[in-house]
> 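My questions will all concern the structure given below.
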Amino acid sequence: MTDEAAILLRVSAFGFVAGVVYWFLSYEPLGTLALLVLGAGPGFAGLILVQERRHQGGSREPRADAVRRFAGLPPRDPPGPNDLEAADLGVLPQPSIWPFGVGLGMAIMLTGLIFGLWLVILGAGVTGLAGWGWLAAAAREQRYGRLEAEAPPEQ
């Protein structure tokens, strides 16, 4: 599955879920139809991209990797640390979307103070998930950095 197909399929899943939830909350047919069409269009395009990839003989990735790509999770960590000491490079933190997620969750949570408790709960969930992801990414970077520093020099 390509990144483009994964994004289209995520948009499709959002459209379908939002359409169903919108229907049960409002019973308004036009908005529900618009959300379902939002789910159908990108979903169709995403499935076409997946099918084309299979017909072109693209490498079949394991199902777990396809699910990770669909969920928008980064690829698995490499099997071992690289030796950066010989290259004499400064180590900078990797760019990440997690700080934006924490900020978005906080904004939703604070907006919930105006509009209702359900937004506070949603914002707390988004903030917690993004904070966990941010801390996990930082811990992964620290673990690889620490392993590189503790490795004995090659002779």
Side-chain angles (χ1 to χ4, degrees), residues 1-54 58-79 81-82 84 89-149:
M1 176 183 308
T2 62
D3 289 334
E4 295 85 4
I7 290 171
L8 288 170
L9 291 173
R10 282 195 302 263
V11 169
S12 175
F14 169 78
F16 284 127
V17 170
V20 170
V21 169
Y22 186 76
W23 171 254
F24 284 111
L25 291 177
S26 70
Y27 296 109
E28 197 264 319
L30 187 59
T32 302
L33 180 65
L35 286 167
L36 293 176
V37 168
L38 171 71
F44 182 72
L47 291 176
I48 292 292
L49 286 175
V50 169
Q51 193 67 19
E52 284 296 316
R53 173 87 175 194
R54 287 185 183 163
S59 63
R60 291 192 55 93
E61 62 185 343
R63 189 175 305 264
D65 290 342
V67 170
R68 287 179 69 88
R69 187 181 301 266
F70 174 75
L73 298 173
R76 296 180 190 270
D77 290 335
N82 294 330
L84 293 179
L89 298 173
V91 179
L92 296 174
Q94 295 292 322
S96 175
I97 193 74
W98 296 118
F100 174 76
V102 169
L104 179 66
M106 293 296 289
I108 293 171
M109 195 165 40
L110 292 174
T111 303
L113 295 175
I114 298 169
F115 292 108
L117 181 63
W118 67 276
L119 272 176
V120 172
I121 294 170
L122 177 68
V126 170
T127 301
L129 177 68
W132 175 79
W134 193 359
L135 291 174
R140 186 172 43 247
E141 288 180 28
Q142 286 291 333
R143 181 176 61 235
Y144 283 128
R146 193 174 316 119
L147 287 175
E148 290 172 0

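As the structure is a prediction and not an experimental result, all values here were calculated from the model. Just so you know, these numbers use all the heavy atoms, side chains as well, and skip hydrogens, waters and symmetry mates.
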> Considering residues at least two apart in sequence or located in another chain, which fulfil the side-chain contact (heavy atoms from CB on, under 4.5 Å) criterion with Leu110?
Leu113
> For Leu36, give me all partners under side-chain contact (heavy atoms from CB on, under 4.5 Å), at least two apart in sequence or on another chain.
Phe16, Thr32
> Which atoms form the tightest heavy-atom contact between Val11 and Pro42, and what is the distance?
CG1-CG, 3.8 Å
> Would the distance check show the side chain of Ser12 and the main-chain N or O of Leu8 forming a donor-acceptor pair, the cut-off being under 3.5 Å?
no
> Side chains of residues 19-27: which donor-acceptor pairs under 3.5 Å do they make with residues two or more places apart or in other chains?
unit_1, atom_1, unit_2, atom_2, d
Tyr22, OH, Glu28, OE1, 3.1
Ser26, OG, Tyr22, O, 2.8
Ser26, OG, Glu28, N, 3.3

> Decide side chain to side chain contact (heavy atoms under 4.5 Å, CB included) for Leu35 and Val17; before the verdict, give the C-alpha distance in whole Å, the side-chain angles of both, and the deciding distance to 0.1 Å.
CA-CA 9 Å; Leu35 286 167; Val17 170; over 6 Å; no
> List for me each residue that meets side-chain contact (heavy atoms from CB on, under 4.5 Å) alongside Phe44, sequence neighbours excluded, and say none if there are none.
Ile48
> Counting C-beta onward and ignoring hydrogens, is there a side-chain heavy-atom pair between Thr111 and Phe115 closer than 4.5 Å?
yes
> Can you give me every donor-acceptor pair (side chain of residues 120-134, partner residue at least two apart or in another chain, under 3.5 Å) with its distance?
unit_1, atom_1, unit_2, atom_2, d
Thr127, OG1, Gly105, O, 3.4
Thr127, OG1, Met106, N, 3.2
Thr127, OG1, Gly123, O, 2.8

